[in-house]
Structure formats: C-alpha cells, structure tokens
Number of protein chains: 4
Amino acid sequence: MNWNEHKAIYLQIADHIIEDILIEKLKSGDRVASVRELAAQIQVNPNTVVRSYGMLEQAAILHNQRGLGFYIAEGAIEKARVLKRTEFLEQTLPEVFKTMQLLQIPVNELIALHHQFQNISQ
Amino acid sequence: MNWNEHKAIYLQIADHIIEDILIEKLKSGDRVASVRELAAQIQVNPNTVVRSYGMLEQAAILHNQRGLGFYIAEGAIEKARVLKRTEFLEQTLPEVFKTMQLLQIPVNELIALHHQFQNISQ
Amino acid sequence: MNWNEHKAIYLQIADHIIEDILIEKLKSGDRVASVRELAAQIQVNPNTVVRSYGMLEQAAILHNQRGLGFYIAEGAIEKARVLKRTEFLEQTLPEVFKTMQLLQIPVNELIALHHQFQNISQ
Amino acid sequence: MNWNEHKAIYLQIADHIIEDILIEKLKSGDRVASVRELAAQIQVNPNTVVRSYGMLEQAAILHNQRGLGFYIAEGAIEKARVLKRTEFLEQTLPEVFKTMQLLQIPVNELIALHHQFQNISQ
DNA sequence: GTGGTCTAGACCACC
DNA sequence: GTGGTCTAGACCACA
C-alpha cells in the first residue's frame, strides 16, 4: 500500500476493504484479518486499524463477533456500493466537472482519456 | 468563501487565486490585495494569507515587489494551467476512472451527468 | 547556535540539518528530533521548527512518517549536496570572483588564505 | 539593475556606487546623480536612494554640498577599498572556505573555476 | 505521542 | 505603507 498519499491511513484501509467487497473478493460472512494481524501485515499502528474497522462497523459493513473477530456484514455489498456511489456523485464528480470547465477540457477529451485508461488497466 | 470545507484555509486562498487567474479575472502584472487587506476582507489572520502568497510566490505565480506588494507574475496563467492540469490528469482522473470501474458506471452515464452539470451551471 | 546572525532562524535550522547530512552526522532513515523536542532544545518556538522541517520536506530532504516524526529521506545527501553546490557555484563564486577582480586580489593570495584557513580549522 | 536579488535595494545601490569608484568610473570630486534623478532613472522610491546616499555619506565616501548635491569625497577610493576588502576577508571568504570543506571542493577546482571566470569576463 | 493549522499580537527591515 | 519573522498559545486529526 502507498502510505505516500495525503489521505489518512485509516481511510485508505477502509477504502481498500470496501473495494475488496465491491469486487467480491470479500463476501458477506467472510472474516477479515484481526486488528493485530492486519496491523502487522501492512506495518501500521493497531490503533489505526481499530479506527478503520470501527468506521466500517458503524456503516454496518463490518460487524464484530466479540471474541471472534470482524466479519463482513449481510448486505455489505449494497451498502458499500451506495456509500461509494453517493460520494462519487455528490463529491467527486461536481469537482471534476468544475475543473474541466476551468481548464476548458471538452467531454471528448474525457472520453478519450477514459478509453486509454480502460486499455491500460485491462 | 466556504470555510466549511475541511481543506486548509491557506490552500483555499491559493486555489481561489489560481482560479481567478485561469478565468483571467487576474492577469499578469495585476496587483493582488495586500496581505493585510485580504486578511481583513476574508476575516482571516494575516499570517494565513502570508502562507498562501508565499506558496504562490514559490510556484512563480506571484512575485513580490519589495515594499509595494504582490503581483501576478509573467506567465502565471500558463503555470497555473499546467499545475491544475497535471494534478487533474495524474491524480484526479485515474481515481475517477477506477471508481467508475468499481461501481460499473458506463461512460454514457458520465456524459449524461456532465450535460446535466453544464445545464445547471449555466 | 548563533542567533546573532541576521539570517532567519528557520533558515539557520535548515542549514544546520543540511550540514549534518553532508558530514554524515545524519543519514538516510535517521529520525530527526520532533518539532517540540528541537524547539525546546534550541529555545525556539515550535512553529519556527515546523517551518524549517516543512522546507526540507518540500526539498525531499526530510520526509514525514505520519504520527511518528520526520526522517532523513532516501538520497537526502545527494540532494543536499546538489543544493549547496549549485548555490555555491552559481551564486557565491561568481560574486567572489567579481569582488577579487574589483579589489585586484590575485589567485595566489586566495590560495594562501585558504591554506591559513585550513590550518586554523584543523 | 536586477531587483530580483534578495539583497536590499538600498544596499545594491550603495554597492554599485562603490564599484564605480573602485573601477574609477567615479572619482573624488565627481558629482553623483541627485536623489530624484537616480530614483527616476532606476525606477526606485526616492527614499531608498536617500538611504543609500546617507549610508555612503556616513562612511565618508560621499559628502553632501547642501543645495548642490552629493559628491565623491576625497579619499573615497581608499575607503571603498578598505570597506570591500574587510567585508570580503572577514565575512565572505570564511564562509566560502567552510562551504568548500563541506562540499569537499579542493583548491585546484577553485583555481580552475577562477580561470574560467576570468576568461569569460574578458 | 506526532505534526498541521490558525489566531493574536508583536517587532523589524524596507520602500 | 509593504511583507518577513517570531512568539505564545490554542485546537485538531492522526498513529
């Protein structure tokens, strides 16, 4: 993982889990790594992981079986999708469009760049 | 200005000036408000403005005429454009496209949303 | 440290760190004193240290491990050397040579003075 | 003139006059431009010129004939030489030598660079 | 604990 | 008048 970014680490961890859910790498009922395991694995302070899991628990994406660990909640994928989608439509896109306007980037260019991106990521 | 956002004020000020340059509200050679003026005007501590101006000076977007104030530098618009554009193409767009992939949002939808946005902002 | 000089304190701090890197008193990966520690140690306001560290971070000589402190970056010594060397060759030396010309100081004298200096500083 | 440098303008003006004296472009008894003339000529606030002239007067390099203007004083060239020389030997050179030590620049290189400089400035 | 930001207020050099 | 620097002290997010 890139800790280089300026986004808070605990948010990056949460994001990562949400993405794994969306690509169905993690499914409802799956157990996620314990706080200590994950912390050791990604070289991070356990408190940071606690915060990420706490956030996801509050969003009802994880739930905590006391003494057993954290599990992907029922309906997690839908919730994850709504969460991401809302953020994308209401936060990200407006800014993107505003910037395009400012830089006078036409939609055509955006589409072209999108094609490029898809070809690369295949 | 919206101090509501969680972005640092000094960055918001800098951003604002860059945008004014991009829409040619500010042009090379124009004098910007003095530190104290701007601070009073937007209800902010002068040191905060100093920080913004310092940043923009280092980016060669502003330059300081000793004892007279800050002026929009020659070529500021090009520098501003490159700055914003680079950030947009290398930071923002890849994330946007990745999210679209994750949420399975097709390009069509993106284009439609863009049209909506343009109609609203007119 | 000599606060007597009229050079800004935050620049003196940065210079001092750069020198410590050049004489390998500080090496890549070493942790530097925390902002508060250094501030207390050299009797200076923490904000002043923040400014120094910020400068060095931007120059990629320090990097910040979130919540842990500042560390000497990889390749810091090369960057420090280039920085100092460029300044010396492009700013300092031309002025020195110009002054020598003006005062009609021959190279011989310069060399002699250099020997003297080395003997003293041994 | 380059107002770009970070040296104070009034010091740059004074320096310039001292240099003109050292290369005997200005000689004892010569009248220098009036404050207003010089200020207009080099696009600078008259107060700044006043300060430069004041400095040089205090150093007995200029003297003021009230109502007539400023003139190069008797013995100005010697005083100018001593001034520059002292500054050079006591301020500049020690720093230069210290930097050379830090960057491990041998005397040979210094001499070579000096030759280069002389060839260029011829 | 770490750094990041902001405020209020001061002093300074310079134009 | 201008900006540049520094202090003291506060609050915050983060690890």
R31(C) atom CZ is separated from dT2(E) atom C1', nearest whole Å, by 8 Å
Taking atom P of dG4(E) as reference, at what distance in whole Å does atom CE of M55(B) sit?
-> 14 Å
Between atom CG of D15(B) and atom CE of M55(B), what is the distance when rounded to the nearest 0.5 Å?
-> 8.0 Å
Might you work through the side-chain contact (heavy atoms from CB on, under 4.5 Å) test for V50(D) and Y10(D), ending with a clear yes or no?
-> CA-CA 8 Å; V50(D) 167; Y10(D) 81 98; over 6 Å; no
Can you run through DNA chain E from 5' to 3' and write each base as (, ), [, ], | or . depending on how it pairs? Watson-Crick or G-U wobble, both distances under 3.5 Å.
-> ||||||||||||||.
Does OP1 or OP2 of dG4(E) have a side-chain N or O of N64(C) closer than 4.0 Å?
-> yes
Given dC14(E), is OP1 or OP2 found less than 4.0 Å from the side-chain N or O atoms of R66(B)?
-> no
Whole Å only: how far is the CD atom of E57(B) from the C1' atom of dT2(F)?
-> 13 Å
Sort out for me which residue in I21(D), L26(D), V32(D) forms a side chain to side chain contact (heavy atoms under 4.5 Å, CB included) with L62(D).
-> V32(D)
By nearest-nucleotide position on DNA chain F, the 5'-leaning member of L68(C) and L68(B) is L68(B)
By salt bridge (Lys or Arg N to Asp or Glu O under 4.0 Å), which residues pair with K98(B), not counting sequence neighbours?
-> E19(A)
Separation of Y53(C) atom OH from dT2(E) atom P, in whole Å?
-> 11 Å
Taking all heavy atoms of Y53(C) and all of V35(C), pick out the closest pair and write down the distance.
-> CD2-CG2, 4.0 Å
Atom CG of L38(D) and atom C1' of dC15(E): how far apart are they, to the nearest Å?
-> 15 Å
Any Lys/Arg nitrogen of D30(A) or K25(A) sitting under 4.0 Å from an Asp/Glu carboxylate oxygen of the other?
-> no
How does each nucleotide of nucleotides 5-11 of chain F score, in 5' to 3' order, for protein heavy atoms under 4.0 Å: base (B), sugar-phosphate only (S), or none (-)?
-> BBBBB--
Test log, rule side-chain contact (heavy atoms from CB on, under 4.5 Å), inputs M100(B) and V96(B) = CA-CA 6 Å; M100(B) 284 174 63; V96(B) 167; 4.2 Å; yes
For I9(D) and I42(D), what are the C-alpha separation, side-chain angles and deciding distance, and is it a side-chain contact (heavy atoms from CB on, under 4.5 Å)?
-> CA-CA 11 Å; I9(D) 296 180; I42(D) 63 180; 5.9 Å; no
Start with the C-alpha distance between T99(B) and T92(A), add both sets of side-chain angles, then the distance that settles side-chain contact (heavy atoms from CB on, under 4.5 Å), and finish with yes or no.
-> CA-CA 10 Å; T99(B) 305; T92(A) 312; over 6 Å; no
